[in-house]
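If you're wondering where the values come from, they're calculated on a predicted model, not measured in any experiment.
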Amino acid sequence: DKVALDHYSPGAAITLVPPTAVVRNLLVRGAPLVLPMSTVAAFLLGYFLLAACCSTAWIPGGLLVPMMCIGAAAGRLYGMLWHSILGPAPPFKAMPWVPELQPLLQALYPTPSPLPMEPGILAFAGCAAFLSGSGSLVMFVLVLLLEVTLEPFLIPVILISILSARSVTSLMKAHGLYHELMNVQSLPFLAETPHWRQSH
């Protein structure tokens with residue numbers, strides 16, 4: 001099974017693999033330019049349109065992994081744009097407005113290291129934001145992405161993404177995708193408010 005390849009196709013890494021591998025490839029960290037911007041943008045556009053068409057079909061296919069793919073692709077694209085515009089990050093410096101923290105920061109970080117712009121971290125943020133915003137899911141997304149990463153230092157990134165996405169959907173007074181699909185597919189469900197006859 002060990003085959004030497006003389007070239008690498010980034011488009012195949014996110015189109016010719018199973019959806020779970022697509023999510024894993026989009027969430028990769030440490031290699032910001034492993035997937036070119038044009039490839040991720042074309043994938044995001046095509047996958048979003050296909051997922052929107054397939055989500056209302058009467059075929060059970062699932063929505064969780066497609067929402068993770070769309071969110072991770074959007075977050076990675078934003079991270080790559082940020083990386084290309086801002087370039088490498090400047091070295092870590094102490095906060096000038098809090099000089100009392102200088103000894104603590106020097107004890108914690110004896111050698112200043114650059115903080116890279118990491119598209120993989122923003123892919124996690126995009127995945128969390130899209131899942132929680134479109135599906136009206138909060139705790140499920142937090143637990144799911146913590147189990148995917150197994151890295152607790154990403155909790156603030158995931159929480160900020162989840163809370164900002166839920167705040168935007170609450171301000172828009174929108175329901176989640178699953179709630180709207182019940183109306184689209186004419187599925188029977190209980191109303192949010194009781195019928196006037198039930199109060200007697």
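In this structure, F43 CZ and L35 CG are separated by 10.0 Å, a value rounded to the nearest 0.5 Å. The structure places CD1 of I155 at 8.0 Å from OG1 of T149, a figure rounded to the nearest 0.5 Å. Expressed to the nearest 0.5 Å, how far CD1 of I162 lies from CG of L131 amounts to 8.5 Å. To the nearest 0.5 Å, atom CE of residue M68 and atom CG of residue L145 are 5.5 Å apart. Interatomic distance, SG of C127 versus CG of L122, reported as 12.5 Å (0.5 Å rounding). Atom CG of L159 and atom CG of L142 lie 5.0 Å apart (nearest 0.5 Å).
Scanning all heavy atoms of the two residues, the minimum distance from L44 to A73 falls at CD1-CB, 3.9 Å. What you find for G11 and T15 is that their closest heavy atoms are O-OG1, 2.5 Å. Here the shortest heavy-atom pairing between L26 and A72 reads CB-CB, 3.9 Å. When all heavy atoms are compared, the tightest approach of A13 to V17 is O-CG2, 3.3 Å. The two residues C69 and P19 make their nearest non-hydrogen contact at SG-O, 3.8 Å. Closest approach of S132 and V141 over heavy atoms only: N-CG2, 3.9 Å.
The salt bridge (Lys or Arg N to Asp or Glu O under 4.0 Å) test applied to R29 returns E151, not counting sequence neighbours. Under the side chain to side chain donor-acceptor pair (under 3.5 Å) criterion, S134 pairs with no residue, sequence neighbours left out.
Hydrophobic cluster membership is shared by M139 and L154, with clusters built from Ile, Leu, Val, Met, Phe, Trp and Tyr side chains linked at under 4.5 angstrom. In terms of hydrophobic clustering, with Ile, Leu, Val, Met, Phe, Trp and Tyr side chains grouped at heavy-atom distances under 4.5 Å, I160 and Y78 are assigned to different clusters. When the side chains of ILVMFWY residues are joined at heavy-atom separations under 4.5 Å, either directly or via intervening members, L64 and V148 end up in a single hydrophobic cluster. In the hydrophobic cluster analysis, where Ile, Leu, Val, Met, Phe, Trp and Tyr join through side-chain heavy atoms closer than 4.5 angstrom, L146 is grouped together with V65. A continuous path of Ile, Leu, Val, Met, Phe, Trp and Tyr side chains, each step under 4.5 Å between heavy atoms, connects V22 with V34, placing both in one hydrophobic cluster.
Residue pairs satisfying the side-chain hydrogen bond (donor to acceptor under 3.5 Å, both in side chains) criterion with at least one member in residues 153-168, sequence neighbours excluded, are listed as follows: S136-R166, R166-T169. Sorted by first then second residue, the salt bridge (Lys or Arg N to Asp or Glu O under 4.0 Å) pairs that include residues 120-131, not counting sequence neighbours, number zero. Residue pairs meeting the side-chain hydrogen bond (donor to acceptor under 3.5 Å, both in side chains) criterion with at least one member in residues 36-48, sequence neighbours excluded, do not occur. The ring pair (Phe, Tyr, Trp, His ring centres under 6.0 Å) pairs that include a residue from residues 120-167 number zero, where partners must be two or more places apart or lie in different chains.
Remark: side-chain polar atoms of R76 are not paired, donor with acceptor, to backbone N or O of G126 under 3.5 angstrom.
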